[in-house]
Participant: 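Please find one structure pasted underneath; my questions will follow.
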Amino acid sequence: MGFYVLSQMFISIVRPSTKRLGIALLGICTIIFLPLGLALDQIDLVLVGITLLFFFVVRLTGLKQLAAVVPYQIYLFIFLMLGVSSAVGALALYEHFDNQLVLSKQKIAGNLLVDNDLQGEYLLAERTRELAADPLIRAKLASPFANQDMVRQKIVKYYLRDYFDKYEIAVSLFDPNGNSVDSVGKAKSLYQVRRDLLRKASSTDQANLYLVRGSNSFSTRRYVAFVRVPTSQRGVSTVVLELSLKKLTANSVVPELLVDQKFFQPNLGPELSYAGYENGRLVYNEGNFDYVNNLTGPELRDPRLYTTGLSVDGFHHLAVRGPQNRTVVVTTATYSFSNWLANFSFLFLTHTFFWLLCIGLYMLSRGRYVDVFQTNFSTKIQLFLNFGILVPLVIVSVATASQVTSSYKRDLLRTYERRGKAVQENLLRHDALLADSASKAPLIDLAENVAGLTETDLNLYDSHGMLLVSSQPLIFESGLLSPLMNPQAVAALAERGQPRVLLMERAGTLSFNALYLPLHTTLEDGRTGAVAGYVGIPFFDSEKELDNKLVELISTILNIFTVMFILFLVLTFVASRLLTNPLKIITEKLKHTTLTGQNEMLAYESTDEIGLLVREYNAMLLKLEESKQELATQEKEAAWREMARQVAHEIKNPLTPMKLSLQFLQKAINEQRPNVEELIGKISQTLITQVDVLNDIATSFSNFTNLPAMRPERLDVAAILRRCVALHQGGAHGGAIHLREAGEGQYLVFADENLLVRTFNNLLINALQSVPESRKPAITAAVDLVGSDRVRICIQDNGAGIPEHVREKVFVPNFTTKETGSGIGLAVARRGIESAGGRIWFETQEGVGTKFYIELPLAPA
């Protein structure tokens, strides 16, 4: 909305005369601010650059205010607004993610700099006291034949839950003599275990609880607790608890399922690396980043590294200082342009779909959906080109996404099968352990070893589908998975004899693939024996990997789709302008095509359809010129015929009394009347009068048909009008001709003086004669400037006005409403005024009066 308001203000302020200068200035400012903001990573400068770019596009495309634009320009303006809002939205997301990244890195660094978990130490001391007092644990430890696995499960499940879910827990049990209860004679004694564990340990504030130090102060936090459990009146057993802070493995998401996220270190992606420095020397690092060669001393001393972070060669580093001159640097990949483009693409396409849906629903509700196909030619070209690009892009994008997804699933299945075969081969090398499931300790060791070698999790089931051991027992203890094997896997492997089966399963809210394989015993002769058990390989990260691949694929497709769509939107706009430009030229020429003036032919060299149209237009002009000449000839002939008829009619009027007078004189002479001489005098006077009438008729028609040559000169219109008004002032019949005084030398024109005098006299005489006898004449003459280069003369009367049915004939030659006159005066005046570059017209109202206007160009200084 803010950009919309800015655009309307901008469009209303700018002037067309400054378009080129405005485009140049906006382009230069955009080139300066936008790259500068990106280079300096300053969001404010980038926002200013986007705003300038928006104004630049609005100015370049010549978009007007929405009330005056054609439909496609509205669509183009909407797409421009959507693009700007999406760019700003992507910029805001970048700012948000950047702040979150700094906070997450500070949290990771803080966790690495903390040596002791004080809250955990206090809670662990409380839990161990409760554990030592548990009567069930005491009873189990006192009995040498009891299942000690139940003791371990209860300790982990009931005493070390919730807060301690972020720790890997190992439980060792020792009898009152200090011997391990798991395998007497093979395991280390309590004394040996205590000696090995406490070699690099330091005591805590809690009794019998120790913090084990690693090779440096940044090693994974590890606690050891020795819990003394009274088992009889004289015997005391010992439970040794080892707690190590969990880390994510490459192909397992089980900790993410089990660990409360508020206690877990945030996962910032596979490119996360961190390093620990003591006294400026690197002592510990995790991840793929090479801190020795790529993070130098000057960069470590840069103050920005400890505040907002430092970006170097595509990586963002943030350092946090701790006690004892220790520093932790956390590194991730920088927020790249592709990430910004992905956010921009998503926002742009989402907004576009929303607005198109709203526009479509609006047009359907108003019944105006047909109007889309009734726009102008340019709009149709652009719309059809856009849809012609949009539909193939959608089809190609969907097909590509489907093909890549199917290909990735096939590759993932082959990976699962290879990893499953490796697990199966490793387990079958120890088929004796599978057959003897009385003691689970060797099976647990086997499962952990195989899981470590193949970098995956596995579950071992007996021949009836009951869980024996798992590399991730917590997921079963938490109730997320059942200890019974999937019935579909049992049916496929045991009943149908399939070599393997891949199923989709769920653990809580997580969907994952699980591969099940049978484990056959090997007979002495090398043949395959009966099924000793089954192995299930849960690929907890399968759904996550597929989601990541799909997100990456969709982001790439969205980026390509958006860039192509915007590019083709611009290209179609330019193409429509280029394609319709000849049509606009033809339209302008057609507007100025006239029957009286000179028509210019179009120059278009191409032989395409528009060239064919241009050739037909030029041929039409030739035919029009021929028709115009023929019509002019016919008009001249008709004019001469009308002129001859008019002249004959005018001449007949005085000839008739002349003929009658001469016949009367001839008769008087023949009869020898006494008053012949008197009659001769009267008849001679009559003949002279009629001859004068004939002379006036001949003079009038001669002036109209043969206008004298113009002799233009610089004249003061006001002075000429003043003389003419003074000449006719006495003929006002009791009224007066009022002249609006004007200064000398202000209204200079380049015209013929005789023409102006005749025109002003004619208009003043007509004004006086138009006033009825019952009304006192009130004639007004005025001179005014019109603009800076023209002068207007107005002669107004209070006469009867001109009737509506004769207004179109006022300037027609030989037309008059008066009993005397030839009707030539106004026609001659019009021709003379138009020859001088001016124009003459009138405004009239019956019963009120008439205003005649003459407008002439001022003479150049």
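Note that the structure is predicted; figures quoted are calculated from it, not measured.
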Participant: Do any pairs count as a side chain to side chain donor-acceptor pair (under 3.5 Å) and have a residue in residues 850-860, sequence neighbours left out, and if so which ones?
Facilitator: Arg790-Glu855, Arg792-Glu855, Thr844-Thr850

Participant: Any side-chain heavy atom of Phe852 sitting closer than 4.5 Å to one from Glu843?
Facilitator: no

Participant: Of all the heavy-atom pairs spanning Phe750 and Ala859, show the shortest one and how long it is.
Facilitator: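 Heavy-atom minimum between the residues: N-CB, 4.0 Å.
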
Participant: Around Gln663, counting heavy atoms of other residues, nucleotides and ligands shown, do more than 12 lie under 6.0 Å from its CD?
Facilitator: yes

Participant: Check whether any side-chain heavy atom of Glu626 lies under 4.5 Å from a side-chain heavy atom of Glu630, and answer yes or no.
Facilitator: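 Counting from C-beta outward, Glu626 and Glu630 never come under 4.5 Å.
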
Participant: So, using salt bridge (Lys or Arg N to Asp or Glu O under 4.0 Å) as the criterion, who are the partners of Glu834 when residues are at least two apart?
Facilitator: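 Glu834: salt bridge (Lys or Arg N to Asp or Glu O under 4.0 Å) contacts with Arg830.
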
Participant: Using a 4.5 Å cut-off on heavy atoms from C-beta on, say whether the side chain of Ile840 contacts that of Phe811.
Facilitator: yes

Participant: Test of understanding: with side chain to side chain contact (heavy atoms under 4.5 Å, CB included), list the residues that count as partners of Thr352, not counting sequence neighbours.
Facilitator: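 Checked Thr352 against side chain to side chain contact (heavy atoms under 4.5 Å, CB included); matches are Phe79, Leu82, Phe348, Leu356.
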
Participant: Check whether any side-chain heavy atom of Val810 sits under 4.5 Å from a side-chain heavy atom of Ile802, and report yes or no.
Facilitator: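 A side-chain contact exists here, since the closest heavy-atom pair is under 4.5 Å.
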
Participant: Mind listing the closest non-hydrogen atom pair of Pro857 and Gly837 along with its distance?
Facilitator: CD-O, 3.5 Å

Participant: Please evaluate residues Arg807 and Phe842 with respect to the criterion side-chain contact (heavy atoms from CB on, under 4.5 Å), reporting the C-alpha separation (whole Å), side-chain torsions for both, the decisive distance (0.1 Å), and the verdict.
Facilitator: CA-CA 9 Å; Arg807 292 174 185 173; Phe842 65 89; 4.0 Å; yes

Participant: Which heavy atom of Leu755 sits nearest a heavy atom of Ile833, and at what distance?
Facilitator: CD2-N, 4.0 Å

Participant: Do any N or O atoms from the side chain of Asp797 and from the backbone of Leu764 form a donor-acceptor pair under 3.5 angstrom?
Facilitator: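 No, Asp797 side chain to Leu764 backbone: no donor-acceptor pair under 3.5 Å.
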
Participant: Look up atom CD in Glu677 and atom OG in Ser684, then write down how far apart they are to the nearest 0.5 Å.
Facilitator: 11.5 Å

Participant: Any side-chain heavy atom of Thr780 sitting closer than 4.5 Å to one from Asn798?
Facilitator: no

Participant: Side chain of Arg775, backbone of Gly799: donor and acceptor closer than 3.5 Å?
Facilitator: yes

Participant: Can we say Arg714 and Glu753 salt-bridge, meaning some charged N sits less than 4.0 Å from an Asp/Glu carboxylate O?
Facilitator: no

Participant: Decide side-chain contact (heavy atoms from CB on, under 4.5 Å) for Tyr747 and Ile793; before the verdict, give the C-alpha distance in whole Å, the side-chain angles of both, and the deciding distance to 0.1 Å.
Facilitator: CA-CA 10 Å; Tyr747 307 97; Ile793 301 97; over 6 Å; no

Participant: How many angstroms lie between SG in Cys794 and CD1 in Ile854, if you round to the nearest 0.5 Å?
Facilitator: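 The SG atom of Cys794 sits 10.0 Å away from the CD1 atom of Ile854.
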
Participant: With heavy-atom distances below 4.5 Å as the criterion, would you say the side chains of Glu713 and Leu715 are in contact?
Facilitator: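 SC-SC contact between Glu713 and Leu715 confirmed.
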
Participant: Quick check: closest heavy atoms across His351 and Ser86, and the distance to 0.1 Å?
Facilitator: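 The answer is ND1-OG, 3.6 Å.
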
Participant: On a heavy-atom basis, which atom in Leu721 and which in Ala781 lie closest, and how many Å separate them?
Facilitator: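 So the minimum-distance heavy-atom pair works out to CD2-CB, 4.1 Å.
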
Participant: Would you sort out whether Asp784 and Val791 count as a side-chain contact (heavy atoms from CB on, under 4.5 Å), showing the intermediate values?
Facilitator: CA-CA 6 Å; Asp784 296 297; Val791 61; over 6 Å; no

Participant: Let me know which of Asn766, Ile765, Thr759 forms a side chain to side chain contact (heavy atoms under 4.5 Å, CB included) with Asn762.
Facilitator: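 Result for side chain to side chain contact (heavy atoms under 4.5 Å, CB included) with Asn762: Asn766.
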
Participant: Starting at CG of Leu748, measure out to CG of Asp716 and round the result to the nearest 0.5 Å.
Facilitator: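 Between Leu748 CG and Asp716 CG, I get 5.5 Å after rounding to 0.5 Å.
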
Participant: Please walk me through it: do Val725 and Ile779 pass side-chain contact (heavy atoms from CB on, under 4.5 Å)?
Facilitator: CA-CA 10 Å; Val725 168; Ile779 313 300; over 6 Å; no

